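Please read the structure below before turning to the comments.
Nothing here was measured: the structure is a model prediction, and the numbers come from that model.
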Amino acid sequence: MLLHDKIKIYNVVLASRSPRRHTLMRELGIDFEVKINGVEDETYPSNIPISDVPEFLAKKKAIPFINELKTNDILITSDTIVVCCNEVIGKPIDRDNALDILKTLSGKKHTVITGVCFTSKALVHSFSVHTDVYFRNLTYDELNYYVDRFKPFDKAGAYGIQEWIGYVGVERIEGSYFNVMGLPVQRLYVELNNFLDEIKG
């Protein structure tokens, strides 16, 4: 049985503001509703491994919704970070910070990690996906053009791979392209399929 048939009896809730995640979920052909929590606490313990941070945050984002879950609800939460030179790079706070972040990524490899958590009344399951992205050396003019035109202030790492900078700056990637956009949809499809089987027992 296809996932699309299995999931018809459930109400899928995507807890994300990201229009890119909304688009990717729609492209999977899964019906869902969006719910947003007013406060998003993205802090995490300093002693956990960097690779565990997105999964930790994805689970944390589910907590405010748990008491509201109905029997047939499946909540999907996620978090994406960029790691370069063993440092977590978040969303830029302003234009100058966006330029500084992109200068750091220019000419280097960085890793995009997305954590995803499924939460139902009966079960919780989480996983994470890693993708390595290689940027060529970008010029001052290119960085300024991108930041001023695309204003990537809502994006971890200060860029969207699906935008102009992805076309001209990314030499290659190793792993899921869609993970870099913010949601590893192939892995999500497989994991969600298995999650539904587990719920049914």
Side-chain angles (χ1 to χ4, degrees), residues 14-30 32-44 50-51 53-54 57-58 61 76-116 128-189:
L14 179 65
S16 174
R17 288 185 174 87
S18 168
R20 295 167 299 282
R21 289 188 180 128
H22 299 170
T23 298
L24 290 171
M25 281 289 289
R26 281 194 295 270
E27 291 298 319
L28 275 182
I30 297 172
F32 64 95
E33 65 172 307
V34 174
K35 284 190 179 179
I36 302 299
N37 179 35
V39 179
E40 287 191 2
D41 180 3
E42 297 190 356
T43 60
Y44 53 88
I50 288 176
S51 60
V53 168
L57 291 175
K61 287 180 178 180
I76 301 177
T77 50
S78 62
D79 192 83
T80 299
I81 65 168
V82 170
V83 181
C84 186
C85 304
N86 210 36
E87 294 288 334
V88 176
I89 298 174
K91 298 172 185 175
I93 57 173
D94 56 26
R95 181 184 184 279
D96 288 342
N97 186 221
L99 285 171
D100 287 342
I101 288 171
L102 290 171
K103 285 173 189 173
T104 297
L105 300 182
S106 178
K108 298 187 185 75
K109 178 190 87 169
H110 64 271
T111 302
V112 178
I113 310 171
T114 300
V116 179
S128 60
V129 174
H130 297 223
T131 303
D132 290 333
V133 181
Y134 295 78
F135 267 129
R136 69 171 176 83
N137 283 306
L138 295 157
T139 68
Y140 176 83
D141 289 341
E142 288 168 338
L143 295 178
N144 277 275
Y145 171 83
Y146 174 69
V147 170
D148 289 338
R149 178 150 186 169
F150 291 89
K151 297 178 172 47
F153 308 123
D154 65 333
K155 298 174 176 68
Y159 79 95
I161 196 169
Q162 73 280 8
E163 295 175 341
W164 179 83
I165 199 167
Y167 289 98
V168 305
V170 175
E171 292 182 331
R172 72 183 193 275
I173 68 170
E174 295 173 359
S176 166
Y177 171 85
F178 297 110
N179 185 46
V180 186
M181 283 182 66
L183 202 60
V185 285
Q186 181 273 331
R187 180 77 178 277
L188 184 149
Y189 182 92

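No side-chain donor-acceptor contact under 3.5 Å links Lys151 to the backbone of Val147. Without hydrogens or angle criteria, Ser106 side chain to Leu138 main chain gives a donor-acceptor distance under 3.5 Å. Checked by atom type and distance alone, the side chain of Glu87 never pairs as donor or acceptor with a backbone atom of Cys84 at under 3.5 Å. No donor-acceptor distance shorter than 3.5 angstrom exists from the side chain of Asp79 to the backbone of Ala58, with no hydrogens or angles considered. Not a single donor-acceptor pair under 3.5 Å links the side chain of His130 to the backbone N or O of Gly175. Judged purely by atom type and a 3.5 angstrom limit, Asn179 uses its side chain to pair as donor or acceptor with the backbone of Val112.
In terms of heavy-atom proximity, Lys91 sits nearest to Ala156 at CG-N, 3.7 Å. The two residues Ser128 and Ser51 make their nearest non-hydrogen contact at OG-O, 4.4 Å. Nearest heavy-atom pair, Glu142 versus Trp164, reported as atom, atom and distance to 0.1 Å: O-CZ3, 3.7 Å. For the pair Gln162 and Tyr167, the tightest heavy-atom approach, listed with the atom from each and the gap, is O-CE1, 3.6 Å. Among all heavy-atom pairs drawn from Pro152 and Pro92, the shortest one is O-CG, 3.5 Å. In this structure, Leu105 and Phe135 approach most closely via the heavy-atom pair O-CB, 3.6 Å.
Arg20 is not listed as a side-chain neighbour of Leu183, based on a closest heavy-atom distance of 4.5 Å or more. Proximity of Tyr159 to Val180: side-chain heavy atoms (C-beta onward) are separated by under 4.5 Å at one or more points. For the pair Val116/Pro184, a side-chain contact is recorded, criterion being any heavy-atom separation below 4.5 Å from C-beta on. Side-chain atoms of Met181 and Leu24, non-hydrogen and from C-beta on, do get closer than 4.5 Å to each other. Two residues are said to be in side-chain contact when any heavy atoms from C-beta on lie closer than 4.5 Å; Thr111 and Thr131 fail this criterion. You'll find the side chain of Tyr134 reaches within 4.5 Å of the side chain of Glu174, heavy atoms only.
Under the side chain to side chain contact (heavy atoms under 4.5 Å, CB included) rule, Asn144 has a single partner from Leu99, Leu102, Thr139, which is Leu99. For the pairing with Arg21, the side chain to side chain contact (heavy atoms under 4.5 Å, CB included) check across Ile76, Thr80, Val34 returns one residue only, Thr80.
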Please assess Val83 against Ile89 for the test side chain to side chain contact (heavy atoms under 4.5 Å, CB included), listing each intermediate value before the final yes or no.
CA-CA 6 Å; Val83 181; Ile89 298 174; over 6 Å; no
Quick one: do Met25 and Val185 satisfy side chain to side chain contact (heavy atoms under 4.5 Å, CB included)? Show the steps, please.
CA-CA 7 Å; Met25 281 289 289; Val185 285; 5.8 Å; no
With salt bridge (charged side-chain N to carboxylate O under 4.0 Å, His left out) as the test, would you mind laying out the steps for Lys61 and Glu42 before giving the verdict?
CA-CA 8 Å; Lys61 287 180 178 180; Glu42 297 190 356; 3.6 Å; yes
Run the numbers on Ile113 and Val129 for side chain to side chain contact (heavy atoms under 4.5 Å, CB included), then give the verdict.
CA-CA 6 Å; Ile113 310 171; Val129 174; over 6 Å; no
Run Val88 and Val82 through side chain to side chain contact (heavy atoms under 4.5 Å, CB included) and show every step you take.
CA-CA 6 Å; Val88 176; Val82 170; over 6 Å; no
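Rounded to the nearest 0.5 Å, atoms OG1 (Thr114) and CZ (Phe178) are 13.0 Å apart. His22 NE2 to Leu14 CG: the interatomic distance, rounded to the nearest 0.5 Å, is 5.0 Å. One distance of note links CD1 of Ile165 with NZ of Lys155; it measures 11.0 Å at 0.5 Å rounding. Distance CD1/Ile50 to CD1/Ile81: 6.5 Å, rounded to 0.5 Å. Separation of atoms OG (Ser78) and CG (Leu57) is listed at 10.5 Å; rounding is to 0.5 Å. Summarising the geometry, atom CD belonging to Glu171 is positioned 8.0 Å from atom CG belonging to Asn137; distances are rounded to the nearest 0.5 Å.
The pair Arg95-Asp100 fails the salt-bridge criterion, with no side-chain N (NZ, NE, NH1 or NH2) lying under 4.0 Å from an Asp/Glu carboxylate O. The existence of a salt bridge linking Arg172 and Asp132 is excluded, since no basic side-chain nitrogen approaches an acidic carboxylate oxygen closer than 4.0 Å.
In this structure, a donor-acceptor pair under 3.5 Å is present between the side chains of Tyr146 and Glu163.
The number of heavy-atom neighbours closer than 6.0 Å to CZ of Arg136, taken from other residues, nucleotides and ligands shown, is above 12.
Ring-plane geometry between Tyr145 and Phe150 is classed as perpendicular, the angle between the planes exceeding 60 degrees on a 0 to 90 degree scale with a lower cut at 30.
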